[in-house]
Asker: 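What follows is a structure written as structure tokens; I'll ask about it next.
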Protein chains: 2
Amino acid sequence: MTIIVPVSESPGRSRPRTSPRAVGRDLPLDEILVGDCIAQMAKLPAKSVDMIFADPPYNLQLGGDLMRPEGSKVDACDDDWDKFDSLAAYDDFTREWLAEARRILKDNGTIWVIGSYHNIYRCGALLQDADFWILNDIVWRKANPMPNFRGTRFTNAHETLLWCAKDEKARYTFNYQAMKALNDDLQMRSDWVLPICSGSERCKDDKGDKAHPTQKPEALLYRILLACTKPGDVVLDPFFGTGTTGAVARRLGRRWIGIEREPAYIKVAARRIAEALPLDESSMTTMIDKRSAPRVAFGLLVESGLVPPGTVLTDAKRRWSASVRADGSIEAEGTAGSIHKVGAALQGAPSCNGWTFWHVEIGGRLQPVDTLRQQHLASL
Amino acid sequence: MTIIVPVSESPGRSRPRTSPRAVGRDLPLDEILVGDCIAQMAKLPAKSVDMIFADPPYNLQLGGDLMRPEGSKVDACDDDWDKFDSLAAYDDFTREWLAEARRILKDNGTIWVIGSYHNIYRCGALLQDADFWILNDIVWRKANPMPNFRGTRFTNAHETLLWCAKDEKARYTFNYQAMKALNDDLQMRSDWVLPICSGSERCKDDKGDKAHPTQKPEALLYRILLACTKPGDVVLDPFFGTGTTGAVARRLGRRWIGIEREPAYIKVAARRIAEALPLDESSMTTMIDKRSAPRVAFGLLVESGLVPPGTVLTDAKRRWSASVRADGSIEAEGTAGSIHKVGAALQGAPSCNGWTFWHVEIGGRLQPVDTLRQQHLASL
DNA sequence: GCTTGATATGAATCTCCAC
DNA sequence: AGTGGAGATTCATATCAAG
């Protein structure tokens, strides 16, 4: 039996940002589906979600109790849901939920799977076997990992995430400029330094103990959702736990679906998500990728008077100059054509982005013509 | 036919540190075995080596040419030895050499395998299938990786190493104190920051081009051999290439066996190892990376909740104000970008240190955002 | 000798849309 | 489905020449 736990009190009013992509789908949005993850996934329609974030059991295969040097016992993850009879049993389980995930995912959607060395090599190989196309593996470098108390190995200080598309040709979402902004104007790398989930962020049960042994930090989901979804996109988390995915999705204006078996986790997750307030529209805005911005032809700037015919363009170092013609083409040293073609020809390069190559003098300073394009876009 | 290339000129005198573990074995020590790695491994005796370091083909599956933004072509690893017909073919190859490796390895020996996301999940799963016991996965975080030139994914900035014993009960070598000493008296973690192999360390061919497309840095092998072998131990490298393993083994007083198919690589390796003199302590420590102060991006403060999206920043004199967006960019007077770029734009300056320019009100007082960065650093 | 700037390069699964 | 054009895209080092 499926039990659905609605989390938002007024779903109708909480959906102002729903994109057309999610409209009209027979999807239980912003709700926790109670039950076995494979059984619940089987009920969801094909090609219906934009992203899947999966934090499956790690199959830790722990031995006896581990003691700290001062004598206390380490509170290990020894729950039944993390136990499998064999690697083969773990593989079977993984194959099954990955098959459902692949069915549910839109063709241009992506899947994230997180794990440790105990299980991530099984997951990675089975993802590839299921024809998923790995886009990156990401290392979550823990700023404050648990030390190796026995001094027998290297401190296990990271976990691994796999980011995959459904196939090589998929046109997946990657908000390159938002990630670059998040990383001080440098490309975001495949290694992420983030603290583990602790302090007030860590969900507690009624007794004040940690509610879930492997709660993920919100900063991790924040980066993933910001990088690989658009506002209004639907994110499915088949191993919902205490609902980090739901809380961050709500905060960032994304829709979510959680699947979870354990009532104790569901109770914590529902309360937590209800308390996670969505950001307002302006705070949620991120840097727009030029690829996804509406196209503006250079000629349009000429037509609209922002760049009058006859304007002289130069490159940043004033090595070359060109003059703008009435139809938006430019002319330099006997060559005429688009800002891109002429830029490429002058440099002897195979290609050239004329928007950043050509400059105009505004207020005594050289500005790339791209600035004018941005102004034009902002005025729309 | 096996051709053996002896590298040390006087093997008898070059074995002062030979441990009893290597004595009496019928092993071709400190030599390069010429030929196919599986065929050559098949000739080595069972349970005879203390460690195997393997840098197998990654099966990169590259498409057409990749151009840099300025127009030059990326010199890709497109050698025939990296090409496989299918994942299944790669798996078959991997299973075969892993079976030989397991046979040759002593019961308390360990194996290291390095790879990227293209192949490491195959290798990891097959290692587990062959009953190897993963001790750690290690992330080599490259200090200077190649960027993602098209802005399509996260910069692929790391490679992964797997360290495995033959089974769960094996009494493997791990020089805990040596690793701790190497890491400023802190436990050595599973993520290692090391530069890629370049400069004078990079082997060149007769034409002055790089002799091998994927030469590994000596610092990487240095750490591995120092951590997991004892002086006199025998290290087998079945994918020897230009012999980094041999050169570092010689420097550290370990014995080595290399297997390599390509004559051009063997020639370079033999000369290189002959020139590799055992290092004195001081020069060894300079090979190890210095712990650089962790760089903190403004976006990290946003992700971690220290500066929530929507926060208003002002300069010290409250002349300008800006609001923080979800991706760590800020927006003021129609301009959006990093704290540095927007600060510069508002002042009409060529550059600006956003960390000291922008302030937030904390407890009724304006504090530079740099203060929050310091707080974050202190909390790590 | 030192600083500054130009150039080169590294295991890379590296575009998208209209015609 | 293939083709062609628009236009988007790079970080850390090392080396070497110029000042």
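To find a chain, count down the sequence lines: A is the first, B the second, and so on, and within it residues start at 1.
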Asker: In whole angstrom, give the distance that lies between atom NZ of B:Lys207 and atom P of C:dA8.
Answerer: 18 Å

Asker: For atom P, what is the distance between C:dT9 and D:dA8, given to the nearest Å?
Answerer: 28 Å

Asker: Write down the distance between CG (B:Asn148) and P (C:dG10), rounded to a whole number of angstrom.
Answerer: 17 Å

Asker: Within the distance-only criterion (no hydrogens, no angle test), does the side chain of B:Ser329 pair as donor or acceptor with the backbone N or O of B:Arg325 below 3.5 angstrom?
Answerer: no

Asker: Taking atom CZ of B:Arg261 as the centre, does the number of heavy atoms from other residues, nucleotides or ligands within less than 6.0 Å exceed 12?
Answerer: no

Asker: Which part of the nucleic acid, if any, lies within contact of A:Asn136, taking any heavy atom under 4.0 Å across all strands shown: a base, the sugar-phosphate backbone alone, or nothing?
Answerer: nothing

Asker: Expressed as a whole number of Å, how far does the C1' atom of C:dT7 sit from that of D:dT10?
Answerer: 14 Å

Asker: How are the rings of A:Phe174 and A:Trp163 set to each other: parallel, tilted or perpendicular (split at 30° and 60°)?
Answerer: tilted

Asker: Considering every strand and a 4.0 Å limit on heavy-atom distances, what is the contact class for B:Leu66: base, sugar-phosphate, or nothing?
Answerer: base

Asker: So A:Glu168, base contact, sugar-phosphate only, or nothing? Heavy-atom distance under 4.0 Å.
Answerer: nothing

Asker: On the nucleotide C:dT15, are OP1 or OP2 found under 4.0 Å from the side-chain N or O atoms that B:Arg150 carries?
Answerer: yes

Asker: Among B:Tyr265, B:Phe53, B:Trp112, B:Trp97, exactly one meets ring-ring contact (aromatic ring centres under 6.0 Å, His included) together with B:Phe239. Which residue is that?
Answerer: B:Trp97

Asker: Is B:Lys142 side chain donor-acceptor paired with the C:dA11 base, going by distance under 3.5 Å alone?
Answerer: no

Asker: Relative to the 5' end of DNA chain D, which residue comes earlier, A:Phe298 or A:Asp185, by the nucleotide with the nearest heavy atom?
Answerer: A:Phe298

Asker: Looking at B:Leu62, is its backbone amide N or carbonyl O close enough to the side chain of B:Asp78 to form a donor-acceptor pair, meaning the two atoms are under 3.5 Å apart?
Answerer: no

Asker: Syn or anti for D:dT10, taking syn as within 90° of 0?
Answerer: anti

Asker: What's the CG-P distance between A:Asp167 and C:dT13, to the nearest Å?
Answerer: 17 Å

Asker: Applying a 4.0 Å non-hydrogen cut-off, can you work out what A:Leu135 is touching in the nucleic acid: base, sugar-phosphate, or nothing?
Answerer: nothing

Asker: Contact class for B:Thr214 vs. all strands (heavy atom < 4.0 Å): base, sugar-phosphate, or nothing?
Answerer: base

Asker: Between B:Pro213 and B:Trp81, what is the shortest heavy-atom contact and its length?
Answerer: CG-CZ2, 3.6 Å

Asker: Please report the distance, rounded to the nearest Å, between OH in A:Tyr172 and P in C:dC16.
Answerer: 7 Å

Asker: Measuring from the side chain of B:Lys210 (C-beta onward, heavy atoms only), which nucleotide among C:dA11, C:dG10, C:dA12 has the closest atom?
Answerer: C:dG10

Asker: Below 4.0 Å from chain A heavy atoms, what is the first contacting nucleotide of DNA chain D and what is the last?
Answerer: D:dA6 to D:dA12

Asker: With heavy atoms under 4.0 Å as the rule, sort B:Pro217 into base, sugar-phosphate or nothing.
Answerer: nothing

Asker: Is a donor from one side chain sitting under 3.5 angstrom from an acceptor on the other, for A:Thr314 and A:Arg318?
Answerer: no

Asker: Tell me the interatomic distance from A:Leu162, atom CG, to C:dT13, atom P, rounded to whole angstroms.
Answerer: 14 Å

Asker: Got a salt bridge between B:Lys216 and B:Asp237, using NZ or NE/NH1/NH2 to carboxylate O under 4.0 Å?
Answerer: no

Asker: Are A:Arg295 and C:dA18 close enough that a side-chain N or O sits under 4.0 Å from OP1 or OP2?
Answerer: no

Asker: From OH of A:Tyr176 over to C1' of C:dT15, roughly how many Å is that when rounded to an integer?
Answerer: 14 Å

Asker: Below 4.0 angstrom from OP1 or OP2 of C:dT13, is there any side-chain N or O of B:Tyr117?
Answerer: yes

Asker: For DNA chain D, whose closest nucleotide is more 5', that of B:Phe149 or that of A:Arg189?
Answerer: B:Phe149

Asker: Heavy atoms under 4.0 Å, any strand shown: does B:Asp82 hit a base, just sugar-phosphate, or nothing?
Answerer: base

Asker: Is it true that A:Ser190 and B:Arg153 share a donor-acceptor pair across their side chains at a distance under 3.5 Å?
Answerer: no

Asker: Below 4.0 angstrom from OP1 or OP2 of C:dC14, is there any side-chain N or O of B:Arg68?
Answerer: no

Asker: Got a sec, which pairs hit side-chain hydrogen bond (donor to acceptor under 3.5 Å, both in side chains) with one end in residues 83-92 of chain B, sequence neighbours left out?
Answerer: B:Tyr90-B:Asn119, B:Asp91-B:Arg122, B:Asp92-B:Arg95

Asker: Can you measure A:Arg171 atom CZ to C:dC14 atom P for me and round it to whole angstrom units?
Answerer: 16 Å

Asker: Going by 5.5 Å between centroids and 30° between planes, is there a stack of A:Trp133 over C:dT13?
Answerer: yes

Asker: I'd like the C1' distance from D:dA6 over to C:dA11, given in whole Å.
Answerer: 31 Å

Asker: Please figure out whether B:Thr152 or B:Cys77 has its closest DNA chain C nucleotide nearer the 5' end.
Answerer: B:Cys77

Asker: Please determine which of A:Thr160, A:Asp137, A:Asp191 meets the side chain to side chain donor-acceptor pair (under 3.5 Å) test together with B:His158.
Answerer: A:Asp137

Asker: Using a heavy-atom cut-off of under 4.0 Å over every strand shown, decide if B:Ala143 touches base, sugar-phosphate, or nothing.
Answerer: sugar-phosphate

Asker: C1' atom, D:dG7 versus C:dT13: distance in rounded Å?
Answerer: 23 Å

Asker: Just need the stems in DNA chain C: three or more back-to-back Watson-Crick or G-U pairs, each with both distances under 3.5 angstrom, sorted by first number.
Answerer: C:2-10 with D:11-19, C:15-19 with D:2-6

Asker: So, B:Gln61 side chain and B:Asn59 main chain: donor-acceptor pair closer than 3.5 Å or not?
Answerer: yes

Asker: Hey, do the aromatic rings of A:Trp358 and A:Phe298 have their centres closer than 6.0 Å?
Answerer: no

Asker: Closer to the 5' end of DNA chain C via nearest nucleotide, is it A:Ala170 or B:Arg202?
Answerer: B:Arg202

Asker: Using a 4.0 Å heavy-atom cut-off across all strands, classify A:Lys169 as base, sugar-phosphate, or nothing.
Answerer: nothing

Asker: Which is true for B:Gly64 with a 4.0 Å heavy-atom rule: it touches a base, it touches only sugar-phosphate, or it touches nothing?
Answerer: base

Asker: Regarding A:Gln177, tell me which of base, sugar-phosphate or nothing describes its non-hydrogen contacts under 4.0 Å with the strands shown.
Answerer: sugar-phosphate

Asker: Just how far, in rounded Å, is P of C:dA12 from CZ of B:Phe154?
Answerer: 19 Å

